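Notes follow the structure.
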Amino acid sequence: MAGEDQLFQRFGREFAKGSVLFKEGEPGKEMYVVQSGKVNITKAVRDTEKVLATLGPGEFFGEMSILNNKPRSAGAVMAEDGKLLVIDPRTFEAMIRGNVEIAVRLIKKLSDRLQETDDQVENLLLRDFNSRVVHFILQQANRRGKQTPQGTLVAMNLAELHSRMGLLAEEVTEAVQKTAKAKIIAVVPEGVVVPDVNKMQKYLEFLEMKERFGES
Ligand code: CMP
């Protein structure tokens, strides 16, 4: 797209994997749009860094502190080499005021994020790590799963699951193995495949019942 090239000429910058774009708590000076590569949005929880989201091409971040004049709500680190548009507050505001389509996209994206946060709250209320892992994979399958002949693919490996959920690596591995043994998921090189999401939902309800009433 010619427009995209022009935008890159004006606002584009390249960043290497591992570059820290900003840290949680800093004042916000600009917002970013991902053109290529991936960015991790991170939050320090006790002494570990939890990945709240991994953003890819077409997605944006860093807009919140510009809109609400509060410190950065999370940090941002390049998860891969990539190209980003770096947009200052005045240009950002002019873009929103001058283009209804951009404003609508922004509102839709913020609604998606709120929905994901609600999902995370629901996930944290589950009692055991097994149910939490099953719930998380199911939500990901419903929200951004890719249809394949084997079922719905969630492109996420164990390390990503572990950092997104704030569980121990062993807990995630154990839960994934148990769920795969019950044939609710299959582990594949690209991530995890859910052959039947309805069956997975029922399995989650079963796990919750078991947790609540115990095994007899
Ligand atoms: P800001 O607070 O300026 O800096 C951190 C940015 O991370 C924030 O703006 C959002 O753009 C982004 N962000 C915060 N929380 C989430 C989340 N749960 N999912 C995706 N992006 C987020």
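Counting starts at 1 for both ligands and their atoms, following the listed order. Please read these numbers as outputs of a predicted model, since none were measured by experiment. Side chains included, hydrogens not; waters and symmetry mates left out as well; all remaining heavy atoms used.
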Sub-3.5 Å N/O-N/O distance, T117 and ligand 1: no
Please report whether ligand 1 has a polar contact with G62, defined as an N or O pair separated by less than 3.5 Å (distance criterion only). yes
What orientation do Y32 and F15 show, parallel under 30°, tilted 30 to 60°, or perpendicular over 60°? perpendicular
Give the residue, atom name and distance (to 0.1 Å) of the protein heavy atom nearest [atom].
atom                    : value
atom 15 (N) of ligand 1 : L52 CD1, 3.9 Å
atom 14 (C) of ligand 1 : S73 OG, 3.7 Å
atom 21 (N) of ligand 1 : R113 NE, 3.3 Å

Partner of E59 under salt bridge (charged side-chain N to carboxylate O under 4.0 Å, His left out), picked from R144, R113, K109, is K109
Below 4.5 Å, heavy atoms only, C-beta onward: do [X] and [Y] meet side chain to side chain?
X    : Y    : result
L21  : F61  : yes
E211 : N130 : no
K178 : V133 : no
M156 : F136 : yes
F129 : M165 : no

Give the atom numbers and elements of ligand 1 that come within less than 4.0 Å of a heavy atom of [X].
X   : answer
F61 : 11 (O)
S65 : 1 (P), 2 (O), 3 (O)
A53 : 19 (N), 20 (C)
F22 : 4 (O), 5 (C)

Of the listed options (N40, L110, I41), which comes nearest to atom 13 (N) of ligand 1 when hydrogens are ignored and any heavy atom counts? I41
